[in-house]
Amino acid sequence: MSEQGFIGLMKNGLWHNNQGLVALLGLCPLLAVTSTASNGLGLGLATMATLMVTNLIVSVTRHWLRSEIRIPMFVLIIACVVTAIELLMSAHLHQLYLALGIFLPLIVTNCAIIGRAEAFASKQPVRQALIDGFAMGLGFLAVLVVLGCVRELIGYGTLFRGADSLFGPAAAGLTVTVFADYGGFLLAILPPGAFVGLALLIALKNKLDSVARSVRESRPGPAVAEERAADAC
């Protein structure tokens with residue numbers, strides 16, 4: 001695989017086809033769990049691991065799966081991977097496992113995972129499928145963490161509250177108090193705050209895309225044509 005192909009997959013997962021900001025997939029856990037940055041990071045890591053392992057298995061077995069049963073098989077593969085991750089998290093990160101609650105097993109129903117298995121991994125070699133899973137998972141994780149940071153900062157005045165549930169007792173000191181003696185803002189950590197926060201992130205991304213497009217169009221013709229051709233690829 002060429003370097004351009006690797007960079008293209010990374011750009012696609014992190015920005016151009018971000019599952020949280022562009023495809024708008026997997027929004028239920030994204031909105032429910034991001035009351036703190038630590039919870040967002042924990043669920044993001046679990047989702048990224050599921051995407052990578054699922055893409056890997058689907059790509060390896062793609063020549064043996066009949067098209068009539070591919071979707072049930074994809075769901076079965078995803079369920080097995082999520083169950084393994086859930087058991088590992090229950091054994092080693094039990095506090096985070098309790099904090100994530102029902103949204104951890106519900107990764108099975110995350111449309112982003114089955115969507116990448118069907119649209120990409122089932123048609124691509126192992127390396128591309130693995131990189132796609134990593135890029136898409138990393139983009140989703142970034143949205144979870146950024147949204148968690150914004151909501152926690154406004155809601156509690158802190159960052160990485162409860163980090164010890166993810167990294168162990170030694171990480172208890174990682175919590176950063178940004179606003180001392182802050183009374184908190186309840187709306188930010190409630191579900192309506194998650195909708196508002198995600199809408200602001202989507203608006204910010206669209207604004208940045210608009211500015212970047214304006215800059216490209218202000219350049220001389222050949223450069224614009226080359227970038228449009230690159231975007232088309």
Side-chain angles (χ1 to χ4, degrees), residues 13-14 18-21 23-54 78 81-113 133-134 136-179 182-202 204:
L14 291 172
N18 186 290
Q19 299 298 283
L21 299 180
L24 300 182
L25 297 176
L27 294 187
C28 289
L30 187 148
L31 294 171
V33 171
T34 53
S35 57
T36 67
S38 297
N39 286 354
L41 179 60
L43 185 67
L45 289 173
T47 304
M48 185 168 71
T50 304
L51 263 167
M52 292 178 65
V53 177
T54 299
I78 295 169
V81 174
V82 171
T83 301
I85 291 174
E86 185 182 1
L87 292 174
L88 286 172
M89 189 171 286
S90 176
H92 299 288
L93 300 170
H94 194 66
Q95 291 302 316
L96 181 63
Y97 169 80
L98 295 176
L100 296 180
I102 189 63
F103 294 101
L104 188 57
L106 280 181
I107 292 176
V108 176
T109 64
N110 191 316
C111 299
I113 297 173
F134 174 72
M136 290 293 169
L138 190 60
F140 192 71
L141 183 151
V143 176
L144 283 166
V145 173
V146 171
L147 183 58
C149 285
V150 172
R151 292 181 64 193
E152 184 182 342
L153 189 61
I154 298 174
Y156 297 112
T158 62
L159 287 175
F160 291 98
R161 182 190 184 96
D164 54 321
S165 65
L166 179 60
F167 299 110
L174 291 179
T175 301
V176 179
T177 302
V178 180
F179 304 121
Y182 179 60
F185 186 59
L186 182 61
L187 178 65
I189 56 176
L190 292 178
F195 278 102
V196 174
L198 181 63
L200 290 175
L201 290 182
I202 294 173
L204 176 62

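- Between Leu141 and Leu41 there is a side-chain heavy-atom pair separated by less than 4.5 Å.
- More than 12 heavy atoms of other residues, nucleotides or ligands lie within 6.0 Å of OH in Tyr182, so this atom counts as buried by the packing criterion.
- In this structure, the separation between SG on Cys149 and CZ on Arg161 is 14.0 Å, given to the nearest 0.5 Å.
- Counting heavy atoms from C-beta on, the side chains of Pro192 and Leu187 come closer than 4.5 Å.
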| Between Leu25 and Phe140, does a side chain to side chain contact (heavy atoms under 4.5 Å, CB included) hold up when you go through it step by step? | CA-CA 9 Å; Leu25 297 176; Phe140 192 71; over 6 Å; no
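- Shown here for Cys28 and Phe103, the closest heavy-atom pair between the two residues is O-CE2, 4.1 Å.
- Counting only heavy atoms from C-beta outward, the side chains of Phe195 and Leu31 approach each other to under 4.5 Å.
- Atoms CG and CG, on Leu93 and Asp164 in that order, are 11.0 Å from each other to the nearest 0.5 Å.
- Side-chain contact check for Gln19 versus Leu51: every heavy-atom pair is 4.5 Å or farther apart.
- Looking only at side-chain heavy atoms (C-beta outward), Ile202 and Leu24 come within less than 4.5 Å of each other.
- When side chains are defined from C-beta on, Asn39 does not count as touching Leu43, because their heavy atoms never get closer than 4.5 Å.
- Not one N or O on the side chain of Thr177 forms a donor-acceptor pair closer than 3.5 Å with the backbone of Thr158.
- Annotation for Phe185 and Ile154: closest pair CB-O, 3.4 Å, computed over non-hydrogen atoms.
- Side-chain contact between Ile85 and Val53 is absent, with no heavy-atom pair separated by less than 4.5 Å.
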| query | Do Glu86 and Tyr97 pass the side chain to side chain contact (heavy atoms under 4.5 Å, CB included) test, and can you show the C-alpha distance, the side-chain angles, and the key distance before you say yes or no? | reply | CA-CA 8 Å; Glu86 185 182 1; Tyr97 169 80; 3.5 Å; yes
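- You'll find the side chain of Tyr156 reaches within 4.5 Å of the side chain of Thr36, heavy atoms only.
- The shortest heavy-atom contact between Leu104 and Ala46 is CD1-CB, 4.0 Å.
- Taking OG1 of Thr83 as the start and CD1 of Ile78 as the end, the distance is 11.5 Å to the nearest 0.5 Å.
- Here the closest heavy-atom approach between residue Ser38 and residue Leu96 is recorded as O-CD1, 4.4 Å.
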| message | Between Leu200 and Leu204, is the side chain to side chain contact (heavy atoms under 4.5 Å, CB included) condition met? List the steps. | response | CA-CA 6 Å; Leu200 290 175; Leu204 176 62; over 6 Å; no
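- The distance from the OG1 atom of Thr47 to the CE atom of Met52 is 13.0 Å, given to the nearest 0.5 Å.
- Nearest heavy atom pair, residue Thr50 against residue Val81, reads CA-CG1, 3.9 Å.
- Side-chain contact annotation: Thr34 with Arg151, donor-acceptor N/O pair under 3.5 Å present.
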